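First comes the structure, then the notes that go with it.
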Amino acid sequence: QVQLVESGGGLVQAGGSLRLACAASGRTFSSYVMGWFRQAPGKEREFVAAISRNGLSTYYADSVKGRFTISKDHAKSTVYLQMNSLKPEDTAVYYCAADPDNTIATMKRTGRFEFDYWGQGTQVTVSS
């Protein structure tokens, strides 16, 4: 198993930036594909970004492509989400997720994002 703890959320003005972090503990960090999801009030949770086990492959939702960057630091067992040019519609609770079996290729092929482990979430609010 793996435990995930997100941090870095907060209130920012439109056009600003935030960096979210997700610290993982438990099983070997490199065993997992990692992802970020978000859920806005009254909406379903949606995929934001994912990164492969070795960190060489990434995948982004169209809504964040070019603005958000996912990365991972194996030495710190931490995955990051750098969010630039934030918009009010980016306001949501952001969740970190991990899965031992999923792959970037599968997500791209199927459009399904099945992750076994989830963090508690961190609130991001973008004011206009």
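Here the structure is a predicted model, which means the values were calculated and not measured.
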[X]: which residues meet the side-chain hydrogen bond (donor to acceptor under 3.5 Å, both in side chains) condition with it, sequence neighbours left out?
| X | value |
| --- | --- |
| Ser52 | Asn54 |
| Arg109 | none |
| Gln123 | Thr125 |
| Thr28 | none |

Partner residues of [X] under the side-chain contact (heavy atoms from CB on, under 4.5 Å) criterion, sequence neighbours left out:
| X | answer |
| --- | --- |
| Val2 | Leu4, Ala24, Tyr32, Ala98, Tyr117 |
| Ala105 | Thr103 |
| Ser128 | Pro88 |

- Who are the salt bridge (Lys or Arg N to Asp or Glu O under 4.0 Å) partners of Asp90, not counting sequence neighbours? Arg38, Arg67
- What residues, two or more places apart in sequence or in another chain, satisfy salt bridge (Lys or Arg N to Asp or Glu O under 4.0 Å) together with Lys65? Asp62
- Only pairs at least two apart or in different chains count here, so list each side chain to side chain donor-acceptor pair (under 3.5 Å) that has a residue in residues 6-17.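 Sorted result for residues 6-17: Ser17-Asn84.
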Using atom types as modelled and distance alone, determine if a side-chain donor or acceptor of [X] lies under 3.5 Å from a backbone N or O of [Y].
| X | Y | value |
| --- | --- | --- |
| Arg45 | Ala40 | no |
| Asp73 | Thr78 | no |
| Thr110 | Thr106 | yes |

- Task: Output the distance between atom NZ (Lys72) and atom OG (Ser30), rounded to the nearest 0.5 Å.
- Result: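 So the NZ of Lys72 and the OG of Ser30 are separated by 7.0 Å.
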Test item: [X] and [Y] side chains (from C-beta on) under 4.5 Å apart, heavy atoms:
| X | Y | answer |
| --- | --- | --- |
| Val124 | Met83 | yes |
| Leu20 | Trp36 | yes |
| Tyr80 | Ile70 | no |
| Cys96 | Val79 | yes |
| Ser31 | Arg53 | no |
| Thr69 | Leu81 | no |

- Message: Please give me the minimum heavy-atom distance between Ser71 and Ile51, naming the atom from each residue.
- Response: CA-CD1, 3.7 Å
- Message: So which atom in Leu86 and which in Leu18 form the shortest heavy-atom distance, rounded to 0.1 Å?
- Response: CD1-N, 3.9 Å
- List for me each residue that meets ring-ring contact (aromatic ring centres under 6.0 Å, His included) alongside Phe29, sequence neighbours excluded, and say none if there are none. His74
- side chain to side chain contact (heavy atoms under 4.5 Å, CB included) assessment of Gln3 paired with Gln1: CA-CA 7 Å; Gln3 293 77 43; Gln1 285 202 354; 4.1 Å; yes
- The remaining residues in the hydrophobic cluster of Val33, counting side-chain heavy-atom contacts under 4.5 Å among Ile, Leu, Val, Met, Phe, Trp and Tyr, are Phe37, Phe47, Tyr59, Val93, Tyr95, Ile104, Met107, Phe113, Phe115, Trp118
